[in-house]
Protein chains: 2
Amino acid sequence: MKKFSQKTISRSFLYIRTLEQLIRAGETLVSSKKLADITGLTDVQIRKDISNFGKVGRPRIGYKITELKKILEDFVLQHIVHVSLFGVGNLGSAILKYPGFHQEKVEIVAAFEKDKRKIGKKINGVSIYSVEDAPRVVSKMHTEIGIIAVPEEYAQQVADIIVACGLHGIINFSPVSINVPKDVSVKNIDLAIEFLSLYCEMQL
Amino acid sequence: MKKFSQKTISRSFLYIRTLEQLIRAGETLVSSKKLADITGLTDVQIRKDISNFGKVGRPRIGYKITELKKILEDFVLQHIVHVSLFGVGNLGSAILKYPGFHQEKVEIVAAFEKDKRKIGKKINGVSIYSVEDAPRVVSKMHTEIGIIAVPEEYAQQVADIIVACGLHGIINFSPVSINVPKDVSVKNIDLAIEFLSLYCEMQL
DNA sequence: CCTTGTGAACGGATTCACAGCT
DNA sequence: AGCTGTGAATCCGTTCACAAGG
């Protein structure tokens, strides 16, 4: 699967979503220019990305939306991604209730907490387990990715648990760097840094 | 201010935070190698970044932590960033309660909602206003950045409101692209795409 | 030595310019 | 004319290799 750059892949998800919007709007054809207007990217960028997947469009016509969507999905989104959440605090709860996963191929299959009072409950259909049960539950649920949504002082030990569960992908919402083996991919989402660096970017 | 790349700036925030950790741990000197170990970056990367800001370190010795922190802050973080939140649903509430902003120079100064029942309340000390009051409140509060945390169907109209309020920076948590004038910076944080593209990245 | 600082080399991604198709 | 597809050129960021300095 991996002759494509990470950036191309991320944008492909954006294309797929945009194509779905267009389908709902009743469109059947779209040009790279139109996709560019909607997504805020450039038309060349979009054609370059799509050209990775073969010759899909037709000159003078554009892309057939359903066909393009199918091709993109075949390359980047064969499976549903199963995610386990660690930490059901404010942020964790919001993630469990986030409505954006259903239409995408993302499914949160389990949540883990230390607080005994939350264990055994369900949020949005997802059961909350004790963090000690993580190895067992994670393997039963065929999870691929773990989310760290615990306070920063616990981030590293949760990361260790996630690694011990055999997962190879981590989304880290805590504002500290975590140490993991080289074969584990980590994506940090640090809200404070996002805000601060956007602010710097504005000062151009 | 802006001869530095966006990436350098983001990493600088990470350095500042790491230096604060080291200060709390009682350290006074640090090498680029040590910073590299903690942050997961390379030592050369760190030295390159720091060299943008002048000659700060001393060969054989390393960097004086307080001095380096001061210099980084002077370049990237002169002011507190004032943020307004639009949408106090699950995600919006979690953002209001997020504990990571206090130690950083980020302050949420106002929240806006359409739901009358929430207006007038406070979450974590932040007052919730009617979205109609946004122009007045935003200018009074000296806000610089707006956060979109509303359902996707309202994202564009909230974006328009934020632009109309005169803000030039937007963090968009909704899974749709928004159209804004060229002088407005937008940072999209799309959870589903983060998960899906991390998953693709893992398949190497 | 050991660590910083940096010009040069490298690599990857975007943009340019245009060929080709209808 | 209007659009896709793409080699070439360019830009940007990272890494390399090494000079300089306590």
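Letters A, B, ... mirror the listed sequences (proteins, then strands); counts begin at 1.
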Participant: What residues, two or more places apart in sequence or in another chain, satisfy side chain to side chain contact (heavy atoms under 4.5 Å, CB included) together with B/D74?
Facilitator: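 Listed in chain order: B/K70.
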Participant: Listed in order of residue number, which residues of residues 14-33 of chain B have a non-hydrogen atom at under 4.0 Å from DNA chain D?
Facilitator: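 Listed by number, there are none.
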Participant: Along DNA chain C, 5' to 3', what are the outermost nucleotides having an atom less than 4.0 Å from a heavy atom of chain B?
Facilitator: C/dC2 to C/dA8
Participant: Among pairs that include at least one residue of residues 82-107 of chain B, which meet salt bridge (Lys or Arg N to Asp or Glu O under 4.0 Å), considering only residues two or more places apart or in two chains?
Facilitator: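 The answer is B/R17-B/E104.
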Participant: Provide, to the nearest angstrom, the distance between the CG atom belonging to A/L68 and the C1' atom belonging to D/dG5.
Facilitator: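 For the pair A/L68 CG and D/dG5 C1', the rounded distance is 14 Å.
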Participant: Name the atoms and distances for all side-chain donor-acceptor pairs under 3.5 Å in residues 124-133 of chain B, with sequence neighbours left out.
Facilitator:
from, atom 1, to, atom 2, distance (Å)
B/N124, ND2, B/L96, O, 2.8
B/S130, OG, B/E132, N, 3.2
B/S130, OG, B/E132, OE1, 3.0

Participant: side-chain hydrogen bond (donor to acceptor under 3.5 Å, both in side chains): which pairs involve residues 157-173 of chain A, sequence neighbours left out?
Facilitator: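 Every pair satisfying side-chain hydrogen bond (donor to acceptor under 3.5 Å, both in side chains) with a residue in residues 157-173 of chain A: A/Q156-A/D160, A/N172-A/S174, A/N172-A/N188.
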Participant: Once salt bridge (Lys or Arg N to Asp or Glu O under 4.0 Å) is applied, do any residues pair with A/E27, and if so which ones, sequence neighbours excluded?
Facilitator: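 Expected list: A/K34.
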Participant: Which residues satisfy the ring pair (Phe, Tyr, Trp, His ring centres under 6.0 Å) test with B/F101, sequence neighbours excluded?
Facilitator: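 For B/F101, the residues satisfying ring pair (Phe, Tyr, Trp, His ring centres under 6.0 Å) (neighbours in sequence not counted) are A/F195, B/Y98.
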Participant: Tell me which pairs pass ring pair (Phe, Tyr, Trp, His ring centres under 6.0 Å) where either residue lies in residues 25-55 of chain B, with sequence neighbours left out.
Facilitator: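 Non-adjacent pairs meeting ring pair (Phe, Tyr, Trp, His ring centres under 6.0 Å): B/F4-B/F53, B/F53-B/F75.
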Participant: If a pair satisfies salt bridge (Lys or Arg N to Asp or Glu O under 4.0 Å) and one of its residues is in residues 50-63 of chain A, list it, with sequence neighbours excluded.
Facilitator: none
Participant: Return a single string for nucleotides 13-22 of chain D, one symbol per nucleotide in 5' to 3' order, where B is base contact, S is sugar-phosphate-only contact and - is none, cutoff 4.0 angstrom on heavy atoms.
Facilitator: SSBB----BB
Participant: Measure CG/A/D37 against C1'/D/dC3 and give the value in whole Å, please.
Facilitator: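 In whole Å, D/dC3 C1' and A/D37 CG are 14 Å from each other.
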Participant: Can you name the one residue among B/I16, B/L77, B/I9 that meets side chain to side chain contact (heavy atoms under 4.5 Å, CB included) with B/L72?
Facilitator: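 The residue from B/I16, B/L77, B/I9 that satisfies side chain to side chain contact (heavy atoms under 4.5 Å, CB included) with B/L72 turns out to be B/I16.
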Participant: Among all residues two or more places apart in sequence or in another chain, which pass the side chain to side chain contact (heavy atoms under 4.5 Å, CB included) test with B/V81?
Facilitator: A/L196, A/Y199, B/V83, B/E144, B/I145
Participant: CD1 of A/I50 versus C1' of D/dT4: gap in Å, rounded?
Facilitator: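 After rounding, the gap between these two atoms is 10 Å.
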